[in-house]
Novice: 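Let me begin by handing over the structure; questions about it come next.
Chain identifiers are assigned alphabetically (A, B, ...) following the order of the sequence lines, protein sequences preceding nucleic acid strands; residue numbering begins at 1 within each chain. Here the structure is a predicted model, which is why all the values come from computation and not from measurement.
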Amino acid sequence: MSGLDRRGLIAGAGAALGGLWLAGCDRLNRSPTAQALIGRGEALTYKAQRALLGGGQLAKEFAPKDVSPAFKANGTMRPRTPEYEALLASQFADWRLVVDGLVKTPLSLSLADLHAEPARSQITRHDCVEGWSCIGQWRGARLGPLLEKAGLADSARYIVFHCADRLGGEGPRGLYYESLDLADAFHPQTLLAYEMNGAPLSVPHGAPLRLRVERQLGYKHAKYVMRIEAVESFAHIAGGKGGFWEDRGYEWYAGI
Amino acid sequence: MVKIRIRRHSLPVRIAHWVNAAAFVLLLASGLQIFNAHPALYWGQKSDFDRPWVAMTPSGSADGRLIGVTEVAGRRFDTTNLLGVSDGQARGFPAWATLPSYRSLAEGRRWHFAMAWLFAINGALYLLWTFLSGHLFRDLWPTREQSRPRHIFKDILDHARLRFPKGEEARRYNVIQKWAYLAVILVLLPLMVLTGLCMSPGFNAVAPWLVEAFGGRQSARTIHFLSASGLVLFFLVHLSLVALSGLWNNLRSMVTGRYAIEVGE
Ligand code: HEM
C-alpha cells in the first residue's frame with residue numbers, strides 16, 4: 001500500500017469515527033430519556049434558584065469608575081417598524097407606556113410621567129447568556145411602586161413586558177417579550193430604566209425604556225418596552241414559555 | 001512468583017468514579033458549546049472587548065479563505081480547523097468537540113446544568129465518603145516514605161521510562177499518581193463547581209464574597225476554563241497511563257474492584 005493510500009485510509013477512518021461520534025452525541029441529545037433527565041435537572045435548577053433568592057438579596061452595585069467604556073448592545077439594535085420609527089422621529093413625545101391586564105386602574109404614562117415616579121439609580125453588572133459582562137449605570141422608575149399604583153388584581157401572578165422590536169421577524173411570534181413573577185417584579189432593583197450612564201437611553205440599548213432585573217441574565221432585560229400586562233398565566237402568549245428566548249429553548253428563570 | 005487478586009477499589013469509589021467520568025465528558029462537550037457563544041476570556045469583573053486575554057476569531061486571508069486565529073495574552077496563533085475556524089465556518093471549538101454538534105447555546109446550557117447537578121452531588125458524596133472512610137489518608141495521601149525526595153525522583157524516572165510498580169509496590173498508588181488524584185479531587189473538581197456558581201448573577205447576589213474572592217465574574221469564567229483545561233490534561237494522561245500500565249487489569253479493578261498483582265511465594 002502506498003503512503004498516500006495509507007494516509008487516505010487513516011484520514012477516512014478518522015472521519016468515519018468522528019462522524020459516528022457526532023451522530024452519537026446528537027442522537028443522545030435527541031433521545032427522550034436524556035431529554036427527560038435534562039428536564040428534571042432544569043426543574044431542580046429553578047427550584048434551587050427560587051429557594052436561594054427568596055430573600056430579596058440585592059445584586060452588587062459598583063462605583064462610577066467601574067463603568068464599562070464600551071457597553072455592548074445585543075439583540076435588536078434598532079426596531080425598524082414604521083411605528084417605532086415614527087416614535088423615534090418625534091423623540092418619543094407621543095410614546096406611552098401602557099400598564100394593563102389584571103390591574104384595577106390601567107395606566108398610560110408618558111416619559112415625563114415616568115420621570116415623576118419613584119426612581120432609583122444603580123451601577124450594576126450586566127451578564128449576557130453568551131458569557132460576557134459589562135458594567136453600566138441605570139436610572140429608572142421602580143417597577144414595584146408603579147404596579148402598586150395600578151393595583152394588581154388578586155389573580156395576577158406574572159408581569160409581561162411587550163416590546164416594539166421584532167427580533168424574530170414578521171408574524172405573531174416575531175415580537176420580543178419577557179415576563180417576571182411578582183417576587184422579581186417587586187424587587188427593589190427592578191427598574192423601568194430611561195437613563196443609562198447619565199444620558200437618555202440610546203436606541204441600541206432600548207430607547208425609550210428597558211427593563212432591568214439585576215439578578216438575571218441579559219435576555220430578561222427587555223428593551224423597547226411598550227406595554228406591561230399583568231396576567232395569571234403566560235401560556236397563551238406567543239410560544240407560551242414566557243419570553244422570546246424562552247420560546248426558543250432558554251430557561252424562563254435566567255439566574256444562571 | 002504467583003498471581004493473586006487483591007481488593008483494590010471499594011464500591012463507593014467505583015460508582016463515584018464512573019458517574020464522574022460520564023458527567024465529565026458531557027460537561028466538557030456542553031461547556032465548549034457554551035464557550036462557543038462568545039469564544040473569548042477576560043480577567044476582572046467585566047469584559048474589555050478590545051483586550052481579551054484569550055480570543056478565538058475568524059480572519060480573512062489573502063486568497064479569501066477563513067483562517068482561525070487564537071490569541072493568548074497578546075500572542076497570535078494560526079489555529080485553522082481547530083480553533084476559531086473549522087469546516088470553513090467561524091466557531092470557537094469544532095463541531096466534534098461540542099454537544100450538540102451544531103450551534104445551540106440553549107441546548108448546551110440545558111445539558112451543562114443537568115450534568116452539573118450530577119457532577120456536584122456525586123463529587124460531594126465521594127469527598128465526604130473519602131474523608132469519613134479513611135480512604136483519603138489511607139490510600140490517597142503519600143506516605144512519609146513516598147514523600148522523600150529520593151523516592152519521588154525515582155518515581156519520576158520510572159514514569160519517564162514507562163516502568164510501573166510491580167509486586168508488593170503495586171498494592172498502592174505511586175506518589176505521582178497520588179498527587180495527581182489529590183489535585184483533581186481537592187482542587188480542580190471543587191474549583192469547577194465554585195467558579196461555575198460564580199458565573200450565575202443569582203448566586204452572586206446570594207454569596208457576593210465568593211465571586212469577589214475569584215476576582216470578579218469574568219475571572220471566575222476564565223478560572224472555570226483553566227481548571228477544565230487542567231482536568232482535560234489530567235484525563236489524557238490518566239487514560240494513557242491506564243492503557244500503558246495494564247489496560248484490562250486496571251479497567252477490571254475499577255469495575256469489579258479486583259486487581260491482579262504478582263508476589264513472591
Ligand atoms: C472513561 C475514562 C476513564 C477511565 C477508563 C478511567 C480509569 C481509571 C482507573 C482504571 C482507575 C484506577 C487506577 C488504579 O487502580 O491505579 C482510576 C482512578 C481514578 N480516576 Fe479515572 N478513568 C476515567 C476518567 C476519569 C475522569 C474524567 C476523572 C476526573 C476528572 C478521573 C479521576 C480519577 C480519580 C480521582 C481516581 C482515583 C480514585 C480513588 O482512588 O478514589 N477518571 N480511573
Novice: Between Asp66(A) and Lys46(B), is there a side-chain N and carboxylate O pair less than 4.0 Å apart?
Specialist: no

Novice: Taking Gly255(A)'s backbone N and O only, do any of them form a donor-acceptor pair with Ser200(B)'s side chain (distance below 3.5 Å, no angle check)?
Specialist: yes

Novice: Under 4.5 Å heavy-atom distance to chain A, tell me which part of Leu26(B) shows up: side chain, backbone, both or neither.
Specialist: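 Side chain of Leu26(B) only, per the 4.5 Å heavy-atom cut-off to chain A.
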
Novice: Select, from Tyr42(B), Tyr102(B), Phe35(B), Phe203(B), the one with the greatest count of heavy-atom pairs under 4.5 Å involving chain A.
Specialist: Tyr102(B)

Novice: Go through the steps for Val129(A) and Arg109(B) under the test side chain to side chain contact (heavy atoms under 4.5 Å, CB included), then give the verdict.
Specialist: CA-CA 9 Å; Val129(A) 68; Arg109(B) 281 167 52 84; 3.6 Å; yes

Novice: Between Arg221(B) and chain A, with a heavy-atom cut-off of 4.5 Å, which part of the residue counts as in contact: side chain, backbone, both or neither?
Specialist: side chain

Novice: Using modelled atom types only, decide if a donor and an acceptor are shared between the side chain of Gln218(B) and the backbone of Cys134(A) within a distance under 3.5 Å.
Specialist: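 No.
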
Novice: Taking all atoms of both residues into account, what is the closest heavy-atom pair of Ala114(B) and Ile38(A), and its distance?
Specialist: CB-CA, 3.9 Å

Novice: Evaluate the side chain to side chain donor-acceptor pair (under 3.5 Å) criterion for residues Arg215(A) and Asn204(B): first the C-alpha distance (whole Å), next the side-chain angles of each, then the deciding distance (0.1 Å), finally the verdict.
Specialist: CA-CA 8 Å; Arg215(A) 302 181 305 177; Asn204(B) 288 164; over 6 Å; no

Novice: Considering only heavy atoms and a distance below 4.5 Å, find which of Ala40(B), Ala37(B), Ala106(B) pairs most often with chain A.
Specialist: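 That would be Ala106(B).
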
Novice: Considering only heavy atoms, which portion of Pro100(B) lies under 4.5 Å from any heavy atom of chain A: side chain, backbone, both, or neither?
Specialist: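 Both backbone and side chain.
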
Novice: Give me the atom names and distance for the closest heavy-atom approach of Pro201(B) to Gln216(A).
Specialist: CG-C, 4.0 Å

Novice: Under 4.5 Å heavy-atom distance to chain A, tell me which part of Glu107(B) shows up: side chain, backbone, both or neither.
Specialist: side chain

Novice: Please look at Trp117(B) and chain A and tell me whether the side chain, the backbone, both or neither of the residue comes under 4.5 angstrom of a heavy atom of that chain.
Specialist: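 Side chain only.
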
Novice: Give, as side chain, backbone, both or neither, the part of Leu99(B) having an atom under 4.5 angstrom from any heavy atom of chain A.
Specialist: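 Only the side chain of Leu99(B) comes within 4.5 Å of chain A.
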
Novice: Minimum heavy-atom separation for Trp132(A) to Arg217(B), with atom names?
Specialist: O-NH1, 3.6 Å

